[in-house]
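Structure, as structure tokens:
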Amino acid sequence: MAENTEPIAVDPDFYSMSPGHDANLQDFQSETTSIASTIARGRLENGRRYQATKEDDYWGPSDEQQFEAFEIGHMVFLVLDYNQPNPLFRAPIGDSPKHILDIGTGQGSWAIDVADAYPSATVRGVDIFPPPVSWMPPNCVFEVDDVLREWTWREPFDFIHIRLMYGAFPAEGWDQVYKQAYDALEPGGWIEQMEFDVRVSSDDGTLKEEHQLWGWGDMFIRCAERAGRSLAIQETMRSAIEKAGFVDVHEQKYKIPLGPWPRDKLLKEVGHLECAHWNAALEGWAMWLLTHFGEPVPWKKEEVQVYLAKVRAELKDPHIHGYNPAKRVWARKPTKEELKAKEASFEIDTSP
Ligand SMILES: C[S@@+](CC[C@H](N)C(=O)[O-])C[C@H]1O[C@@H](n2cnc3c(N)ncnc32)[C@H](O)[C@@H]1O
């Protein structure tokens, strides 16, 4: 898909969303897994399960409902880049990479697909909650760890991938993660990150101030700021990646339609899926941030649920042509030659 900053054309024949599309998902049912470990049991709050690997909270739940949302989100990205030679990522890593890392792997779908596509590689997915997978290709490995801790992987990576880690770390945490990624990559290895803008926009004025979706993103950005983490990572990731020393930086902007309102067939499909993604993810996106950092004071669980019911109604409204901007950035660690040349020029500059 070409660099997508143009308005998305609306399908003139579009009147209503297809019945049965509403993916309001089943209520969270408490996990009764037999794995008797604290990490796998997590921590329950407001009917959702959260990670218990690290002491400070991560805002998103790790439970069946959220894993289902991750899975639909994965499909959204695959369909969005369906016309690309490789819809999984853009970094030109060649045909026979050896070591790949997926940070914050979630459900593990990206890591599994990449392991299938690159049998030459060992693909590691790391997360603070164990991915709920019953089968994975033999060259895929999942690990439970906090990437803010010191990395101990011995083999250098050819490629490190990050997707939807918005709000995971404060700015200095991001610097630390990019620095560790830089150090853990082979010279010439690639990093790639894909992030959403949580704000909903429309190009044709159909999203109006009276809609809940109008202020949705800004409110959550403010909640996350109060929690000490930025949700607006798509605005800062490129410069933070450059600051860590990466070169050859590329960027692709997207518009992800919220509902099947676009005329373009591919974007219509993306919009269908994105609506299902929102419906599955909504409560998980909102509950922790609003009950801990809601404004003007933290909200009650029931208040969050009433608000989300209004948002769900707007998601079904065919007259609102909303979309989320999103951005992908990929960049390279300098090659050995580039690193040597840089060192040499540094020596010349600093010699008396
Ligand atoms: C919104 S999910 C995205 C999952 C997956 N990357 C995807 O695109 O579907 C973010 C994931 O990051 C994980 N995460 C958050 N903080 C982390 C940390 N410090 N170390 C490792 N994983 C972390 C969360 O547990 C969650 O599974």
Side-chain angles (χ1 to χ4, degrees), residues 1-6 77-78 80-81 83-95 97-105 110-111 114 118 121 123-124 126 147-148 151 153 156-199 229-256 324-346 349:
M1 191 179 299
E3 184 81 357
N4 195 356
T5 51
E6 293 301 308
F77 294 123
L78 291 184
L80 193 63
D81 271 336
N83 291 328
Q84 287 293 327
N86 179 359
L88 287 163
F89 57 85
R90 205 58 68 76
I93 60 167
D95 293 333
K98 289 201 191 72
H99 295 285
I100 297 178
L101 177 66
D102 185 30
I103 294 180
T105 199
W110 185 92
V114 172
Y118 292 88
V123 183
R124 291 179 191 280
V126 60
V147 294
L148 284 182
W151 295 12
W153 293 291
F157 294 104
D158 306 286
F159 182 35
I160 297 180
H161 174 258
I162 308 172
R163 191 174 68 188
L164 298 186
M165 292 286 284
Y166 48 176
F169 319 118
E172 58 278 12
W174 277 109
D175 287 345
Q176 193 183 322
V177 167
Y178 294 133
K179 161 99 177 56
Q180 297 217 71
Y182 183 92
D183 291 344
L185 278 165
E186 284 278 20
W190 288 83
I191 188 169
E192 180 160 333
Q193 184 164 6
M194 172 90 180
E195 297 290 345
F196 267 130
D197 187 335
V198 294
R199 290 165 286 211
R229 302 145 223 209
S230 170
L231 274 183
I233 282 306
Q234 87 294 339
E235 285 173 359
T236 50
M237 63 182 173
R238 181 184 178 130
S239 57
I241 285 172
E242 282 168 343
K243 191 171 110 187
F246 289 95
V247 296
D248 202 359
V249 185
H250 304 257
E251 178 178 308
Q252 164 88 49
K253 287 185 180 144
Y254 301 84
K255 287 180 176 180
I256 303 185
N324 286 108
K327 198 186 276 180
R328 186 191 291 279
V329 168
W330 61 106
R332 181 170 57 76
K333 176 170 174 172
T335 58
K336 272 189 192 144
E337 294 70 32
E338 286 169 329
L339 289 168
K340 264 191 205 155
K342 201 175 161 197
E343 263 173 39
S345 71
F346 184 71
D349 284 353

* Asked: With distance as the sole criterion, is a donor-acceptor pair present between the side chains of S239 and E242 under 3.5 Å?
  -> no
When rounded to the nearest 0.5 angstrom, what is the spacing between [atom1] in [X] and [atom2] in [Y]?
| X | Y | atom1 | atom2 | value |
| --- | --- | --- | --- | --- |
| Y178 | I160 | OH | CD1 | 11.5 Å |
| D197 | K253 | CG | NZ | 11.0 Å |
| Y166 | I233 | OH | CD1 | 11.5 Å |
| R90 | M194 | CZ | CE | 9.0 Å |

* To do: Can you label the angle between the H161 ring and the W110 ring as parallel, tilted or perpendicular, going by 30° and 60°?
  => parallel
For residues [X] and [Y], determine if any side-chain heavy atom of one lies less than 4.5 Å from a side-chain heavy atom of the other.
| X | Y | result |
| --- | --- | --- |
| F77 | L164 | yes |
| R124 | T105 | no |
| W153 | V126 | yes |

* Please determine which of Y118, W330, W190 meets the ring pair (Phe, Tyr, Trp, His ring centres under 6.0 Å) test together with F89. => Y118
* **Derivation and outcome, side-chain contact (heavy atoms from CB on, under 4.5 Å), residues F246 and K333** => CA-CA 5 Å; F246 289 95; K333 176 170 174 172; 4.2 Å; yes
* **Ionic contact status for R328 with E192, cut-off 4.0 Å** => yes
* Counting only N and O atoms by type, is there a donor-acceptor contact under 3.5 Å from the side chain of Q180 to the main-chain atoms of V177? -> no
